[in-house]
2 protein chains.
Amino acid sequence: MASIKDVAAEAGVSVATVSRVLNDHPSVSDDARTRVLAAVEALDYRPNAVARSLRTDQTRTLGLVISDVLNPYFTELARSVEEEARALGYSVIIGNADERPELQDHHVRTLLDRRIDGLLLSPTDGGSPGILDAARAGTPMVFVDRWIPGLDVPVVRADGRAAIRDLVAHLYGLGHRRLAIIAGPAATTTGSERVAAFRDALAEYGIPLPDAYIGEGDFQAESGRRATEGFLDLPEPPEVVFAADNLMALGALDAVRARGLRVPEDLALAAFDDIRWFVHTDPPITAIAQPTPELGRAAVRALVDRIEGRVPESVTLPARLVVRRSCGETNPSPSPVRRSKS
Amino acid sequence: MASIKDVAAEAGVSVATVSRVLNDHPSVSDDARTRVLAAVEALDYRPNAVARSLRTDQTRTLGLVISDVLNPYFTELARSVEEEARALGYSVIIGNADERPELQDHHVRTLLDRRIDGLLLSPTDGGSPGILDAARAGTPMVFVDRWIPGLDVPVVRADGRAAIRDLVAHLYGLGHRRLAIIAGPAATTTGSERVAAFRDALAEYGIPLPDAYIGEGDFQAESGRRATEGFLDLPEPPEVVFAADNLMALGALDAVRARGLRVPEDLALAAFDDIRWFVHTDPPITAIAQPTPELGRAAVRALVDRIEGRVPESVTLPARLVVRRSCGETNPSPSPVRRSKS
DNA sequence: ATCCTCCATGTAATCGATTCCACGAGGAGG
DNA sequence: CCTCCTCGTGGAATCGATTACATGGAGGAT
């Protein structure tokens with residue numbers, strides 16, 4: 001592969017001049033410029049990003065460590081992150097933590113070894129050594145979706161409290177009184193916050209949230225299945241299960257189906273995170289939708305601000321409730337005019 | 001951030017010795033080794049991968065350019081690729097082409113600029129300049145899922161012919177005679193091959209595949225919706241639609257639902273690629289399942305073989321039909337004993 | 001005509017690692 | 001006791017870029 005020296009030789013100039021042309025430095029004669037450009041063309045030369053990074057101490061690369069690539073929410077996030085980053089002249093390297101702290105740390109270290117310019121993180125746990133070290137070392141960093149309290153790192157996320165309150169109102173209106181939740185790991189902010197918001201919303205209706213109605217999930221489908229099994233085995237099973245992410249909702253569906261039960265007649269279901277398939281499931285699933293692409297874009301902008309010396313800002317965007325049929329027929333009262341159904 | 005010089009100073013040895021310890025070269029005294037290790041610990045030193053890559057001319061990184069991250073098939077593939085690569089000591093950088101040739105080329109070039117050791121590719125089109133150049137330049141490369149004919153590059157893929165024949169047999173057995181397909185772009189191998197296999201299978205039953213029954217899709221949901229609309233507007237609409245990937249099946253479902261029709265009564269549906277949600281859609285969708293994780297692993301092994309000087313092998317694995325209810329009730333004859341239905 | 005300024009260019013240092021080569025010490029063999 | 005090997009070690013070149021500094025020529029001002 002041709003190097004800058006080859007180009008210099010071919011064009012009959014020094015490597016400095018070639019470099020200047022490539023980085024369009026003003027003080028280069030037209031003559032030299034055209035000769036260099038011709039040489040670049042002739043040799044099919046492409047600058048070696050590795051060498052450039054070593055010298056300039058910047059890679060124009062962002063690291064993104066997400067909790068689970070198989071989760072459509074995160075892949076949508078990853079996509080918008082990459083898109084925005086590309087628009088700003090950065091590449092993105094994605095690390096998949098699979099909800100495992102040690103894998104997360106592996107990726108953080110690998111990314112740091114590659115001297116990425118900044119790190120976008122959706123932490124799997126409450127603060128693994130790798131992340132803490134990186135934060136202390138002053139690595140430009142932004143949390144997205146989940147975060148670690150107590151660190152001076154901007155957070156870009158969706159606030160689901162209002163949407164969860166709307167959801168509980170909807171469920172209450174449908175006559176449900178025994179409501180359960182499949183939580184994420186307590187070590188993640190989204191894991192604990194969604195439970196807290198749910199409990200608070202229930203409290204407004206004087207409904208308690210007993211421990212037996214809190215399933216311990218890990219944001220993976222299998223845990224959703226197990227938690228749902230647990231609920232169904234209870235002497236007094238809940239009427240509704242609210243899964244704190246879409247994969248656990250999938251697991252819940254698996255469990256319900258395995259028992260030959262039906263949604264919403266035997267058990268109603270709602271989920272945090274909306275995905276396209278929820279429109280076509282049997283029945284369509286009521287969900288809380290996050291403005292995922294906006295989150296990704298905002299996170300990249302915050303991180304790049306931090307990298308380029310501006311002051312990054314935390315961003316919180318609202319989530320919203322999308323009602324479908326998985327919690328029971330919608331109350332027709334809001335629009336009493338329309339009679340025709342279907 | 002501490003460099004190898006700092007470690008050398010701290011340990012009272014030369015950088016050469018530090019390097020030898022780090023790469024566990026045999027000829028280092030125990031004394032020197034322990035002092036270096038202590039210094040590494042004390043300074044929290046991590047080797048700069050950029051500098052190392054520049055010198056050794058290898059990055060221990062694989063590039064993976066996939067057609068669409070939002071497609072669960074590719075994300076499952078990406079996951080298994082990363083897993084296997086990590087096991088073999090490589091990192092993976094994923095580029096998402098979004099089914100757009102120019103974006104694909106952008107990623108290929110960026111990856112090459114970063115001097116990745118090898119490239120895993122699922123080409124969006126029949127041969128963009130970027131890919132052709134890379135192949136000619138001798139970049140270690142392996143195609144996965146899709147490939148470009150005429151290049152001497154190993155291919156790792158699933159063969160769907162047998163499964164498609166099984167599907168057609170299944171559909172024929174159900175009494176369907178007017179079968180349509182939503183194809184992928186003709187420029188991709190999977191786009192054209194699946195149509196060819198479908199046509200051949202139909203021919204075995206003496207059923208033609210008229211042009212009107214070939215929808216032009218691009219592997220994205222929206223195109224599946226449009227193609228299905230087109231079919232439904234035909235004077236004689238098909239009884240079955242076979243979508244060449246899961247996203248187009250989703251689009252087909254959208255179209256059917258928008259018209260208030262039902263699957264399979266009004267239109268039967270089958271898809272290439274099986275995903276978990278197909279179990280819970282209304283109705284569950286009959287699909288052709290690829291051994292996706294195995295494909296990812298085999299592709300990485302082939303690529304690493306090539307990189308490390310061994311001879312890489314092309315791999316073809318079989319896909320298989322998974323029958324569900326979206327094409328009509330399954331023939332009950334195999335198990336006449338069971339009466340109870342519910 | 002002299003001096004100053006500005007512009008285009010080249011030389012060489014530098015980034016942080018790896019690795020070839022040389023060198024000195026110590027042990028073995030004659 | 002001398003020679004030869006082996007082993008541990010350090011010096012320095014190298015990878016491919018960027019960039020500070022030096023240089024020389026052209027042109028403008030006085």
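In what follows, chains carry the letters A, B, and so on, assigned in the order in which the sequence lines appear, proteins first and then strands, with residues in each chain numbered from 1. Remember, predicted model here, so these are calculated numbers, not experimental data.
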Q: Using a 4.0 Å cut-off on protein heavy atoms (strictly under), produce a 5'-to-3' string for nucleotides 16-26 of chain D with B for base contact, S for backbone-only sugar-phosphate contact, and - for none.
A: BBBB-------
Q | Any donor-acceptor N/O pair, A:Ser53 side chain to A:Ala51 backbone, under 3.5 Å | A | no
Q: Using whole Å, report how far CZ of A:Arg33 lies from P of C:dA8.
A: 9 Å
Q. Rounding to a whole Å, what distance do you find between B:His25:NE2 and D:dT6:P?
A. 14 Å
Q | Under-4.0 Å side-chain N/O to phosphate OP1/OP2 contact, A:Ser14 with C:dT11 | A | no
Q: Check side chain to side chain donor-acceptor pair (under 3.5 Å) between B:Thr139 and all other residues, then give those that pass, not counting sequence neighbours.
A: none
Q: Quick one: list whatever passes side chain to side chain donor-acceptor pair (under 3.5 Å) with B:Ser91, sequence neighbours left out.
A: A:Arg114
**Q.** Atom-pair distance (CG on A:Asp6; C1' on D:dC15), nearest Å
**A.** 13 Å
Q: Give a yes/no on whether any side-chain N or O of B:Ser27 is located under 4.0 angstrom from OP1 or OP2 of D:dT6.
A: no
(Q) For A:Val13, is there any backbone N or O sitting under 3.5 Å from a side-chain donor or acceptor partner on A:Thr17? (A) no
Q: Go through the structure and list residues passing side chain to side chain donor-acceptor pair (under 3.5 Å) with B:Asp68, not counting sequence neighbours.
A: none
Q) Could you give the CD-to-C1' distance, from B:Gln58 to C:dT19, as a whole number of Å? A) 14 Å
Q.
Run the salt bridge (charged side-chain N to carboxylate O under 4.0 Å, His left out) test against A:Asp98 and tell me which residues pass, sequence neighbours left out.
A. B:Arg79
Q) Which pair of heavy atoms, one from A:Ile116 and one from A:Leu62, lies closest together, and at what distance? A) CG2-C, 4.3 Å
Q: Starting from C1' on C:dT18, measure out to CG on B:Asp24 and report it in whole angstrom.
A: 14 Å
Could you go through nucleotides 26-28 of chain C and list every protein N or O atom that sits under 3.5 Å from one of its N or O atoms, giving the distance for each pair?
none

Q | Given B:Arg146, B:Gln104, B:Arg100, the one that forms side-chain hydrogen bond (donor to acceptor under 3.5 Å, both in side chains) with B:Asp125 | A | B:Gln104
